[in-house]
Each structure stands twice: as structure tokens, then as C-alpha cells.
> 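After the C-alpha cells below, expect a handful of questions from me.
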Amino acid sequence: MEFYMPLSNVSETIGVEEEIIKNTLERRDADIEPYLRVVSARAEANGSTRPQLQLRIDGLAPLIKKLSYNMPTDDIIENLICQVVHLTHITDINAHLEAENQALRNENQHLQETIDALDAENDELIEKVEENQNLYAQVEDLTRQLKEKETTTWVKRLFPARD
């Protein structure tokens, strides 16, 4: 996957003003040209589009090389130190996020196991409720039958009606 950056991001990344980068790129140097592309971008004030120059990420090295011809060595070293610090910070953040991600995955797995256990318990309870409803229906039926028998007189019980 090719990753292109707008010139404002290139400027932030390498610590050089955007105008200096634009001036360097406008020279259309053969070393940098393969890493450039023009895309249409929305203008800030109105809805129209305007062309925007973007640099592929692997074009940073030749760009920095071209920029270094016009910059004092101490500026180059300072910019590189800033980038090393920035990369170190990003690496630390990445390690922290990976550890946090793993902890969240473990917690998620634990919660999923808890959900599965509760689902199983819920299924068991549903079965028991259905069983209790069946037993309740049987008890109701037996109670109805008992009440019918109680309402019959002793004579009817002793001498059932003959058909």
C-alpha cells in the first residue's frame, strides 16, 4: 500500500517550513519526481477543488537530501534529533497501546466467558420454569378433579349412575 502525505504533513514530519518544501519540489528534481502525485482537494473557503501536491512516504529520504543542500548542518542535525525523539515517543506509545490492547482482549475474553456461563444458566432456568409450568398445570388439573369429586354426594359415590 502506498502512503502519500500532503505537504503540510511532510513539513510537520521533517521540521522544515512548508514553503521551503514547495520551492524544492517546484524544481521538479528527477530524484523526487517519481514520489510525487497531484490530487484534487477541497478549498477551505468555498466548495471548489484545487490541485494538491502529495509526497509518497518513501520519497522523504531524497527530499531531505535535496533540502540539506540549502540548509546549515546544525539545522539538519536538530531536525533529525527531533525526528528521533518523535519516533521514540511513538514507539513508546505503540508499546503502551499494544499492552493495553492485550489487556482489553483478555478482559473481553473473560467477559465473553461470563456471558456464555450466564447464557447457560439462563437456559437452565428457562427449562426449570417450563417444567414448573407443566407441574403447575398438572396440579391445577388434579385440584379441579379433586373438587369435582368433593362436590359429588356420598350416594353418587357409592352408587354411580348407570348408563
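Since we're looking at a predicted model, the values are computed, not measured.
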> With sequence neighbours excluded, what pairs up with Gln102 under the side-chain hydrogen bond (donor to acceptor under 3.5 Å, both in side chains) test?
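Per chain and number, Gln102 pairs via side-chain hydrogen bond (donor to acceptor under 3.5 Å, both in side chains) with Asn106.
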
> Shortest non-hydrogen contact from Leu63 to Leu55?
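Smallest heavy-atom distance, with atoms named: CD2-CD2, 3.6 Å.
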
> If you draw a 6.0 Å radius around CD in Glu113, do more than 12 non-hydrogen atoms from other residues or ligands fall strictly inside?
yes

> Do Val139 and Val129 sit in the same hydrophobic cluster, where Ile, Leu, Val, Met, Phe, Trp and Tyr count as joined when their side-chain heavy atoms come under 4.5 Å apart?
no

> Can you tell me if CZ on Arg105 sees more than 12 non-hydrogen neighbours from other groups inside 6.0 Å?
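Result for CZ/Arg105: open.
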
> Roughly how far apart are Leu118 CG and Leu125 CG, rounded to 0.5 Å?
10.0 Å

> Stepwise, does the side-chain contact (heavy atoms from CB on, under 4.5 Å) test hold for Lys66 with Ile32?
CA-CA 9 Å; Lys66 295 298 177 186; Ile32 300 174; 3.4 Å; yes

> Can you list the steps and then say if Leu36 with Gln54 is a side-chain contact (heavy atoms from CB on, under 4.5 Å)?
CA-CA 6 Å; Leu36 294 175; Gln54 292 184 341; over 6 Å; no

> Within the 3.5 Å criterion, strictly below it, is a donor on Glu19 or Asn23 matched to an acceptor on the partner's side chain?
no

> Do you know the tightest heavy-atom contact between Arg28 and Glu33?
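The answer is CD-OE1, 3.0 Å.
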
> Can you measure from NZ (Lys22) to CZ (Arg27) and round to the nearest 0.5 angstrom?
15.0 Å

> Is Asp58 paired with Arg56 through a side-chain N to carboxylate O contact shorter than 4.0 Å?
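Here Arg56 pairs with Asp58 in a salt bridge, since their nearest N and O are under 4.0 Å apart.
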
> Let me see the working for Glu130 and Asn134 under side chain to side chain donor-acceptor pair (under 3.5 Å), right down to the final yes or no.
CA-CA 6 Å; Glu130 290 172 355; Asn134 290 337; over 6 Å; no

> Work out which heavy atom in Pro6 is nearest to a heavy atom in Gln52; give both atom names and the distance.
CB-NE2, 3.5 Å

> Heavy-atom distance under 4.5 Å between the side chains of His89 and Asp92, does that happen here?
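Contact flag for His89/Asp92 side chains = no.
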
> Atom OG1 in Thr114, atom CD in Gln109: separation rounded to 0.5 Å?
10.5 Å

> Do Val10 and Val39 belong to the same hydrophobic cluster, where Ile, Leu, Val, Met, Phe, Trp and Tyr are linked whenever their side-chain heavy atoms lie under 4.5 Å apart, directly or via other members?
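As far as the 4.5 Å side-chain criterion goes, Val39 and Val10 are not connected within one cluster.
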
> Kindly work out whether a path of hydrophobic side-chain contacts (I/L/V/M/F/W/Y, heavy atoms less than 4.5 Å apart) joins Leu111 to Leu104.
no

> Should we say atom CD of Glu17 is surrounded by more than 12 heavy atoms from elsewhere, each under 6.0 Å from it?
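No.
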
> For Leu146 and Leu142: C-alpha separation, side-chain torsions, deciding distance, then whether side-chain contact (heavy atoms from CB on, under 4.5 Å) applies.
CA-CA 6 Å; Leu146 181 63; Leu142 290 173; over 6 Å; no

> What distance separates Gln138 CD from Thr143 OG1, expressed to the nearest 0.5 Å?
11.5 Å

> Is Ile90 reachable from Leu60 through a run of I, L, V, M, F, W or Y residues, each pair having side-chain heavy atoms under 4.5 Å apart?
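Shared cluster, no.
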
> Do any N or O atoms from the side chain of Thr24 and from the backbone of Ile20 form a donor-acceptor pair under 3.5 angstrom?
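At least one qualifying donor-acceptor pair exists.
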
> When you compare the side chains of Asp141 and Gln145, does any donor N or O come within less than 3.5 Å of an acceptor on the partner?
yes

> Which atom pair, heavy atoms only, marks the closest approach of Gly59 to Tyr35?
CA-CG, 3.4 Å

> How far apart are the C-alpha atoms of Glu140 and Arg144, what are their side-chain angles, what is the distance that settles it, and do they pass the side-chain contact (heavy atoms from CB on, under 4.5 Å) test?
CA-CA 6 Å; Glu140 287 291 318; Arg144 182 187 51 78; over 6 Å; no

> Distance check, rounded to the nearest 0.5 Å: Glu127 atom CD versus Asn122 atom CG?
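Answer for the CD-CG pair, Glu127 versus Asn122, is 10.5 Å.
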
> I need the Cys82 SG to Glu12 CD distance, nearest 0.5 Å.
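Rounded to the nearest 0.5 Å, the SG-CD separation comes out at 13.0 Å.
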
> Would you kindly confirm whether Val38 and Leu25 end up in one hydrophobic cluster when ILVMFWY residues are joined by side chain heavy atoms under 4.5 Å apart?
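Yes; Leu25 is reachable from Val38 via cluster members.
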
> Between Asp31 and Asp29, which heavy-atom pair has the shortest distance, and what is it?
N-OD1, 2.8 Å

